[in-house]
Trainee: 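My questions all concern the structure below.
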Amino acid sequence: MRKIWDIHGGIHPAENKTQSNQEAITQAGIPAELIFPLSQHIGAPASPVVSVGQHILKGEKIAEAKGFVSVPVHASTSGEVIAIENHFIAHPSGMTAPCIIIRPDGKDQWIEHQGISDYTTIEKTELLNRIRDAGIAGMGGAGFPSAVKLNLRDDQIIETLIINGTECEPYITSDDRLMRERAEEIIEGVKILQHLISPVKETLIGIEDNKPEAIAAMKAAAAGTTIDVVVFPTKYPSGGEKQLIQILTGKEVPSGGLPAQVGIVCQNIGTTYAVYRAVQYGEPLISRITTVTGSACERQSNFEVLLGTPIHYLLNLCGYQAERCSRLVMGGPMMGFSLESADVPVVKTTNCVLAPTPNELPPPAPVQACIRCGMCAEACPVSLLPQQMYWFARAKEYDKLEGHNLMDCIECGACSYACPSNIPLVQYYRASKAEIRQQKLDAEKAEHSKARFEARQARIERQEAEKEAKRAARKAAAEAKAAAGSDNQESKQDAVQAAIERAKAKRAGGATATPQSKTDLEKAVTAAEKRLATAREKLQQAEEQGADTVPAFKTGVEKSENKLAKVKAALDDFIANNPQASTPAASTTNDPAQLAIERAQQKRAGAATQSPLEKVEQQITSLKTRIDKAQAKLAEARAENSDKLEIFETSVQKLQEKLAEAEQQKQQLQTESPTSNKIETNDPAKQAADDIIARALAKREAASKMTDLERLQNAVNSIETRIAKTKEKLTVAEQEGSDTIDILTESVKKLEVKLVEAKQALSDYEDQQG
Amino acid sequence: MIELIQQNPFIAAIGALLLLGVPFGALLGFAAVKFKTEGDPIADQIEALLPQTQCGQCSYPGCRPYAEAIANGEAINKCPPGGESTINALADLLDVEAVPLDAEHGEENVKTVAFIREAECIGCTKCIQACPVDAILGAAKQMHTVIKSECTGCDLCVEPCPVDCIDMLPIETTLQSWSWDLPKSSENIIATDRTNSKEVAA
């Protein structure tokens, strides 16, 4: 006979187990609807892997584990997923949670599954994965993922494996019946667990002495193995993990610690059986034994229930009379909780559904004052001081509660049971525990908020400092500039001197500020003109289409015009103020820079005398020579029948177009010469810009003179020429095998689309007109 | 020497005390410089108890200033977000009487979290500037949103919003945050007051 230890306190409530343990376990069958909560275990909820309308088979995974402390959920029969929605679940809050709802097809068709013939040959991690994938979580009540519990660190040595067959709560007989009927399978499951954690000392199955048949069956099955069936006196709550460890081994699990710290792993009977099914047959956890009991049921028995079966289906099997029932309880009378509806499903941890009559489980008696009798302290299995804690809980003195080790309370309810004043002590502890947890979370959050607040303050300060520094730097720069400016005024009043400075700077390699800003201005002019042109074009389009964006485009055009005028004015100002243009070529020093400036000024003066008309004429002559050359080349190519013929042709064409343009410009200049010649141009870049401006103006004027029809035709023509050009480029690219082929083909396509659009617009217009 | 001391015991005593006093005084002076406490340790401890919402309902611009004010004798009951538990903790720390929350500074309400009705947000960034813990995400002319886990529910963002699109929503109880309530105190009721069992069941 093994030595067994005793635990402090404990109570002996009426067992009420005989009502339900007489009958053998029966199959509950398939209900009309199955509800699978995604969170049937401690840890992160599983995440669905099926969709609504999907047909699933029995044992198919419908939700997978999320994270390490989590287990998957499997369908317990074949059928169709009809919803993934919030549904009432078995929880004391009576709240809803995400569930997968399945309508069984009645075929109960299994998914392909296979067991492991010899689990000793495979890796332990593989075996653990199988247990994890089977969705096994502690079936005694807490629902802690079993694979996590069995996954030991390398340095952890387990002395004792304990299988918990205590079932100390009144009324519940599911483990009792399971041990009586399926002892061999349980023993096989224990062997698997033994293989997994290799306990160096012993393997124990603890059973209370109020289950003689179960003890006999287990002893018979365990005969000839290293497994010890240990029987100990019935007392509530011997079935608590830490209590059972103390009873069987005399070791106490440290406060806040795990059994593994004292070299012990504890598993429930139901879990062991599920492990056996998972390893031997490859079946995931899809059913469990649940006791349906209470006098409000005609038949009190144990059922093998598919997970997800609604409670009301089970109760109906048992002739449940709702009017006789005081309240529905899930779990036992000591640690269970009332259900608000019978629509909740059976989950992995549902060991009992209790439907008592008011006589059986009377409503809580009125609470009376604490008389400090100390019976609660005598009953407490963890040796706490419930009465002290009660006062602290009422006064909300949470630090003192913690000092009295409230967190070690297992919420067994023995104190409430023992209290002669009917004080619901355990409720105080539960609420206080939650409050302490909440306060810790709040403190954490406060700490976090403080860090964020401080980080923000620091950031704001830093930004202020940066701003301040920048401002100071700007101020210093401005002062320095002002000082330099006054120096200039004093010592080098002559603008020529300033020009020399600039020239020196230029010689030193840096570009001088003046021409740079001039080119900038010119660029701005061109850009503004371009914008104006596009804005006008858009306006025209809008007007043609009669779009309601016309006013917007009009303002756009106006704005662009204003801008252009401004930029032009700025440019003119600049030119007028440019000292270089007006500086007399008087040299005050023999500096070579001065000489260079003089030369430049002379050149510029020469350019300035050249009128735009002359420029255009020059251009025309140069173009003509180019055309001549090109035509010569073309003739040559024709003679040789070269494949570049086309290119030459187009280049000639282009040049001719340019020539025509230039000539047109010339004509225009000749007519407008009195005005246009007034614009003083003093450097070639300016002149070029002016040319562009002039051309653009000419174009614009031409465009404004054009009728809509002409404009559209122009557009078509221009697109056609562009297509032709691009095609040429493409052929060249193809010949050279260039990598721009793709881009060119693309642009050809785009242009063709544009052409079609333009033609469409043209024909539309023609239709409208005529 | 000994004779001199024996003849002038009074002067000798004074001399001896002076001799002792000089090194000890120097030691104390050195310790005062060397082990000088930075900041106010009491204010730090008080600040650790405050909820750090930085809401300013106490009329101080943040939790730290209020903690410093308490250290200098300000009342401990001006923090509505902390509520009774904070007052109790402060009373414990400072060894003063716990007093009820000063209603002038607001009431202890359920915890809330700011929520921006995003369709109405115009992207003015005013709430972002108001948020003491950078819990609002957004940029100019972009929709803003509240990072729920970082929001302290101080409601400082509600007022600056020009389009009133910020709501303070109570934090919903989830399955994870749900907890048993403290039983309602119903003691001293005689047994014959026991209610009909059916009513209780319902």
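Quick caveat, the model's predicted, so the values are computed rather than measured. Chain naming here is simple, since letters A, B, ... match the order of the sequence lines and numbering starts at 1 in each.
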Trainee: Drop me the distance from A:Lys400's NZ to B:Asp92's CG, to the nearest 0.5 angstrom.
Mentor: 7.0 Å

Trainee: Under 4.5 Å heavy-atom distance to chain B, tell me which part of A:Arg459 shows up: side chain, backbone, both or neither.
Mentor: side chain

Trainee: Counting only heavy atoms closer than 4.5 Å, note whether A:Thr96 contacts chain B via side chain, backbone, both or neither.
Mentor: backbone

Trainee: Tell me, for B:Cys63 versus chain A, whether the close heavy atoms (under 4.5 Å) come from the side chain, the backbone, both or neither.
Mentor: neither

Trainee: Just so I know, are the side chains of A:Phe453 and B:Arg64 near enough to count as touching, which here means a heavy-atom distance under 4.5 Å?
Mentor: no

Trainee: Which atoms of A:Glu397 are under 4.5 Å from chain B, going by heavy atoms: the side chain, the backbone, both sets, or neither?
Mentor: neither

Trainee: I need the contact set between residues 159-172 of chain B and chain A: heavy-atom distance under 4.5 Å, sorted by residue number.
Mentor: none

Trainee: Quick test of your reading of the model: are B:Asp134 and A:Arg452 salt-bridged, counting only N-O distances below 4.0 Å?
Mentor: no

Trainee: Need one label for B:Ser177: side chain, backbone, both or neither, based on atoms under 4.5 Å from any heavy atom in chain A.
Mentor: neither

Trainee: Does some side-chain heavy atom of B:Ser85 sit less than 4.5 Å from a side-chain heavy atom of A:Tyr398?
Mentor: no

Trainee: Among residues at least two apart in sequence or on other chains, which ones pass side-chain contact (heavy atoms from CB on, under 4.5 Å) with B:Asn8?
Mentor: B:Leu4, B:Ile11

Trainee: Nearest 0.5 Å, what's the CH2-NE2 distance between B:Trp178 and A:His91?
Mentor: 6.0 Å

Trainee: Is there a side-chain contact between A:Arg394 and B:Leu182, using heavy atoms and a 4.5 Å cut-off?
Mentor: no

Trainee: For the OG atom of A:Ser93 and the CG atom of B:Leu175, what is their distance to the nearest 0.5 Å?
Mentor: 5.0 Å

Trainee: Sort out for me which of A:Lys396, A:Lys445, A:Glu447, A:Glu340 touches chain B most, counting heavy-atom pairs under 4.5 Å.
Mentor: A:Lys445

Trainee: Could you walk me through whether A:Lys450 and B:Glu47 pass side chain to side chain contact (heavy atoms under 4.5 Å, CB included), step by step?
Mentor: CA-CA 10 Å; A:Lys450 192 177 155 193; B:Glu47 198 192 0; 3.3 Å; yes

Trainee: Return a table of donor-acceptor pairs under 3.5 angstrom between the side chains of residues 415-425 of chain A and protein atoms on other chains or two or more places apart.
Mentor:
| residue | atom | partner | partner atom | Å |
| --- | --- | --- | --- | --- |
| A:Ser416 | OG | A:Leu425 | N | 3.3 |
| A:Ser416 | OG | A:Val426 | N | 3.1 |
| A:Ser421 | OG | A:Ala369 | O | 2.7 |
| A:Asn422 | ND2 | A:Pro366 | O | 3.3 |

Trainee: Under 4.5 Å heavy-atom distance to chain A, tell me which part of B:Ser149 shows up: side chain, backbone, both or neither.
Mentor: backbone

Trainee: For a side chain to side chain donor-acceptor pair (under 3.5 Å) check, start with the C-alpha distance between B:Gln52 and A:His448, then their side-chain angles and the critical distance, and finish with the verdict.
Mentor: CA-CA 9 Å; B:Gln52 302 297 334; A:His448 184 67; over 6 Å; no

Trainee: Which atoms of B:Pro132 come close to chain A, meaning under 4.5 Å heavy atom to heavy atom: side chain ones, backbone ones, both, or neither?
Mentor: both

Trainee: Between A:Ile460 and chain B, with a heavy-atom cut-off of 4.5 Å, which part of the residue counts as in contact: side chain, backbone, both or neither?
Mentor: neither

Trainee: Can you check whether anything in residues 115-122 of chain B gets within less than 4.5 Å of chain A, heavy-atom wise, and list it by number?
Mentor: none

Trainee: Would you give the length of the straight line joining atom CD of A:Gln457 to atom CD of B:Gln54, rounded to the nearest 0.5 angstrom?
Mentor: 7.5 Å

Trainee: Relative to chain A, which segment of B:Leu49 carries a heavy atom at a distance below 4.5 Å: side chain, backbone, both, or neither?
Mentor: neither

